[in-house]
Asker: 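Below: one structure in structure tokens.
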Amino acid sequence: AETAAAEAAAAGAAAKSQLADNIIKSDLRAKEDSAKLAAALSQNATVQAELRNAQRILAQQAESAAAAEAARAKSQEQLVRKLQEEASARLRQAEASTGARVEEEVTVRVRAREVQFVERQQQVSSALSELASSEEAMEAGLTCLKCMGLLRQPVLLVPC
């Protein structure tokens with residue numbers, strides 16, 4: 001009976017020891033999980049900050065592109081006015097010296113320059129719209145579809 005009691009006590013002590021080991025292992029796993037969670041939260045905050053920075057940079061680039069477009073348009077308008085003034089002056093000279101034939105030639109030149117100006121405006125508008133669409137496309141390409149975070153080192157894979 002004493003042997004059975006001693007064995008039961010030993011089994012109980014072993015079970016307590018096993019339970020204590022399991023509790024310690026569970027605490028260690030919980031601490032590891034907490035550390036991983038903290039690291040993931042920190043990484044998420046970093047990625048969000050990088051995303052905000054990238055969005056700020058894109059907004060600045062869009063603003064500078066718009067400012068550059070406005071400056072180009074203003075410059076082109078001034079050029080058109082100058083060309084029109086020059087054309088008008090030449091026209092007056094042509095009327096005074098050679099008559100209707102010179103007037104027609106100057107008018108054709110002015111119209112050609114106006115056509116060139118319109119074409120340039122269309123090219124600039126087209127380039128800006130392409131820039132905006134490529135900016136939007138690039139934004140999607142720099143975002144991880146799994147975690148919606150900003151990619152850190154994106155790589156472009158080109159098929160054969």
Side-chain angles (χ1 to χ4, degrees), residues 21-160:
D21 286 344
N22 287 343
I23 290 173
I24 290 171
K25 287 178 184 177
S26 176
D27 283 346
L28 288 175
R29 275 185 260 148
K31 287 179 183 178
E32 288 174 0
D33 289 345
S34 293
K36 287 179 185 177
L37 180 61
L41 289 174
S42 173
Q43 184 180 13
N44 185 26
T46 302
V47 168
Q48 286 179 352
E50 290 172 359
L51 179 60
R52 284 190 297 272
N53 189 34
Q55 289 172 339
R56 182 184 52 80
I57 290 169
L58 287 174
Q60 288 174 347
Q61 288 175 348
E63 288 176 13
S64 62
E69 169 57 24
R72 277 190 224 114
K74 184 176 180 180
S75 172
Q76 288 177 349
E77 287 175 11
Q78 290 174 348
L79 177 63
V80 167
R81 279 192 220 115
K82 182 179 176 183
L83 290 174
Q84 287 175 341
E85 289 171 3
E86 288 176 7
S88 296
R90 287 181 186 170
L91 183 61
R92 285 190 294 273
Q93 286 177 348
E95 286 175 349
S97 64
T98 61
R101 193 178 104 218
V102 173
E103 178 181 346
E104 288 179 26
E105 183 180 359
V106 170
T107 303
V108 168
R109 287 182 185 174
V110 167
R111 287 185 181 148
R113 295 249 179 159
E114 287 176 348
V115 168
Q116 288 175 348
F117 173 71
V118 169
E119 290 174 354
R120 284 184 185 168
Q121 279 184 328
Q122 290 173 349
Q123 290 172 352
V124 167
S125 295
S126 173
L128 282 176
S129 66
E130 288 177 10
L131 178 64
S133 64
S134 66
E135 179 183 3
E136 291 174 9
M138 189 175 96
E139 184 175 335
L142 294 176
T143 303
C144 176
L145 297 176
K146 183 176 181 184
C147 68
M148 298 308 291
L150 185 63
L151 296 177
R152 291 197 177 153
Q153 293 176 338
V155 177
L156 178 63
L157 298 176
V158 179
C160 296

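FYI, side chains are in, hydrogens and waters are out, and symmetry mates aren't considered; it's all heavy atoms of this structure.
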Asker: Testing the basics here: between Ala65 and Leu131, what is the closest heavy-atom pair and its distance to 0.1 Å?
Answerer: CB-CD2, 3.9 Å
Asker: Evaluate the side-chain proximity of Val115 to Glu119: yes if any heavy-atom separation is below 4.5 Å, no if none is.
Answerer: yes
Asker: So which atom in Val47 and which in Leu150 form the shortest heavy-atom distance, rounded to 0.1 Å?
Answerer: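 Looking at all heavy atoms of both residues, the shortest contact is CG1-N, 3.2 Å.
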Asker: What distance separates Gln122 CD from Arg120 CZ, expressed to the nearest 0.5 Å?
Answerer: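 Taking CD in Gln122 and CZ in Arg120, the distance rounds to 13.0 Å.
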Asker: How long is the straight-line distance from CZ of Arg90 back to OG1 of Thr107, given to the nearest 0.5 Å?
Answerer: 12.5 Å
Asker: Could you check if a side-chain atom of Glu77 sits within less than 4.5 angstrom of a side-chain atom of Arg81, using non-hydrogen atoms only?
Answerer: yes
Asker: Walk me through whether Thr46 and Arg152 qualify under side chain to side chain contact (heavy atoms under 4.5 Å, CB included).
Answerer: CA-CA 11 Å; Thr46 302; Arg152 291 197 177 153; 4.2 Å; yes
Asker: Can you tell me how far the CD atom of Glu32 sits from the CZ atom of Arg29, to the nearest 0.5 Å?
Answerer: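 Glu32 atom CD to Arg29 atom CZ measures 8.5 Å (nearest 0.5 Å).
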Asker: Any side-chain heavy atom of Lys25 within less than 4.5 Å of one from Leu28?
Answerer: no
Asker: What is the distance from atom CZ of Arg113 to atom CD of Gln84, rounded to the nearest 0.5 Å?
Answerer: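 The CD atom of Gln84 is 12.0 Å from CZ of Arg113, to the nearest 0.5 Å.
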Asker: So Arg56 and Asn53, side chain to side chain contact (heavy atoms under 4.5 Å, CB included) or not? Walk me through it.
Answerer: CA-CA 5 Å; Arg56 182 184 52 80; Asn53 189 34; 2.3 Å; yes
Asker: Less than 4.0 angstrom from a charged side-chain N to a carboxylate O is my criterion; do Arg109 and Glu105 meet it?
Answerer: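 Counted as a salt bridge, because a side-chain N and a carboxylate O are separated by less than 4.0 Å.
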Asker: Rounded to the nearest 0.5 Å, what's the gap from CD on Glu130 to OG on Ser125? Could you check?
Answerer: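 The OG atom of Ser125 is 11.0 Å from CD of Glu130, to the nearest 0.5 Å.
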Asker: Can you tell me how far apart OG (Ser64) and CD (Gln61) are? Round to the nearest 0.5 Å.
Answerer: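 Between atom OG of Ser64 and atom CD of Gln61 there are 6.5 Å.
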